[in-house]
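For reference, the structure is listed below as structure tokens.
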Number of protein chains: 2
Amino acid sequence: MQRVFEALSSTVRRKILAYLSHAELTAGEIAGRFDISKPAVSQHLSVLQNAGLVESEKRGQFVHYRLVEANLANALNGYLQEVCPVSRPLKRESAGLKNQSRTAAQTDEAP
Amino acid sequence: MQRVFEALSSTVRRKILAYLSHAELTAGEIAGRFDISKPAVSQHLSVLQNAGLVESEKRGQFVHYRLVEANLANALNGYLQEVCPVSRPLKRESAGLKNQSRTAAQTDEAP
DNA sequence: AATATATTTAAGTCTTTCGTTAAATAATGA
DNA sequence: TCATTATTTAACGAAAGACTTAAATATATT
């Protein structure tokens, strides 16, 4: 929990997760999408991996990274239900979603 | 988005939110639940307030803090829907849309 | 074997964050 | 008014985080 939220506190790391949500990528492909050095990206990937949000597999000389969706979803949904108990805020929550011009959904999402 | 995740990256701040999920509390009541100084807690409350996760109201000499559940839920659910494909089919289904696949843009920052 | 490519580790700097104590602000009550 | 209580602001040092470049490791190529 601590590591997940710390991992998510960085814009670069959230962007990495967004990239990985579309496709598995090598470390180099990820680094190529940022203006920072490869070692810097490598460190960000370590943080994400230690948080359980990504996993890596070495194939040949490349290291492929992929998102671990379940861990991200469980961490965020779990925390949400801890702090925003489902019983109480359903109506207010979906009203808020509509208000923010995001399509309202996921009020009854399974864990 | 940035401020929300930065706010959530601290254990103390997540605990404050947990306390506030059960009841509205004054700054002093919150500070009394931690072993750090009152100014430290006050700063944490500022971070939470700047992130839109809590709001405060001064009544007499006390400042009462309460959780803004909708903002927390929207931030976390919104991010999850961006990054976790599993949440997207549900979203489509409940919205009755026949949207093809993921929208490629909008990776991180909210519109 | 020698070289090139992909990635990580190491070491150092710079900035940010987290805590502290002391002082300021504001409401309460003797 | 003066003192007390509640809270925040200010200033500062210690710890942590995010970069950098240089070096190490591992795989592929010639």
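Computed from a predicted structure; not experimentally measured. All chains are named by letter (A, B, ...) in the order of the sequence lines, taking the proteins before the strands, and each is independently numbered beginning at 1.
Of the listed nucleotides (D:dT21, D:dT7, D:dA6), D:dT7 has the atom at the smallest distance from the side chain of B:T26. Here the side chain of B:K58 is nearest to one of D:dC19, D:dA26, C:dA26, namely C:dA26. With D:dT5, C:dA11, C:dG19 as the candidates, the nucleotide lying closest to the side chain of B:I36 is C:dG19.
Atom P of nucleotide D:dT20 and atom CZ of A:F34 are separated by 13 Å, given to the nearest angstrom. The separation between B:E57 atom CD and D:dA6 atom P is 18 Å, rounded to whole Å. Atom P of nucleotide C:dA6 and atom CG of A:L25 are separated by 15 Å, given to the nearest angstrom. Atom CD in A:Q49 sits roughly 15 Å away from atom C1' in C:dT9 (whole-Å rounding). Nucleotide D:dA18 holds its P atom 13 Å from the CG atom of A:L45, rounded to whole Å. Whole-Å rounding puts the B:L48 CG to C:dT17 P distance at 14 Å. Between B:Q43 atom CD and C:dT17 atom P the separation is 12 Å, expressed in whole Å. A straight line from NZ of B:K38 to P of C:dA26 spans 18 Å, rounded to a whole angstrom.
One finds no side-chain N or O of A:S37 lying less than 4.0 angstrom from the OP1 or OP2 phosphate oxygen of D:dC19. Residue A:H44 has no polar side-chain atom (N or O) positioned under 4.0 Å from OP1 or OP2 of D:dG17.
Between B:I30 atom CD1 and B:K38 atom NZ the span is 12.0 Å, to the nearest 0.5 Å.
Of the possible polar contacts, none joining the B:S42 side chain to the B:P39 backbone as a donor-acceptor pair under 3.5 Å is found. Using a distance-only test at 3.5 Å, with no hydrogens or angles considered, no donor-acceptor pair links the side chain of A:R33 to the main chain of A:I16. Looking only at distances, a side-chain donor or acceptor of B:R14 sits under 3.5 Å from a matching main-chain atom of B:L8.
No hydrogens or angles were tested; on distance alone, nothing pairs the side chain of B:Q61 with the base of C:dT28 as donor and acceptor under 3.5 Å.
Residues satisfying the salt bridge (charged side-chain N to carboxylate O under 4.0 Å, His left out) test with A:R3, not counting sequence neighbours, are none.
At a threshold of 4.0 angstrom between heavy atoms, the contacts of A:A27 are confined to the sugar-phosphate backbone, with no base atom among them.
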Review item, nucleotides 23-25 of chain D N/O atoms under 3.5 Å of protein N/O:
none

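When each of A:Y65 and B:E6 is assigned the nucleotide of DNA chain C with its nearest heavy atom, A:Y65 is the one assigned upstream, toward the 5' end. Between A:R13 and B:V63, the residue anchored closer to the 5' end of DNA chain D is B:V63, taking for each the nucleotide with the nearest heavy atom.
For the pair B:L76 and A:N77, the minimum side-chain heavy-atom distance is 4.5 Å or more. Contact of the A:F34 side chain with the A:K15 side chain is registered, since non-hydrogen atoms from C-beta on lie closer than 4.5 Å.
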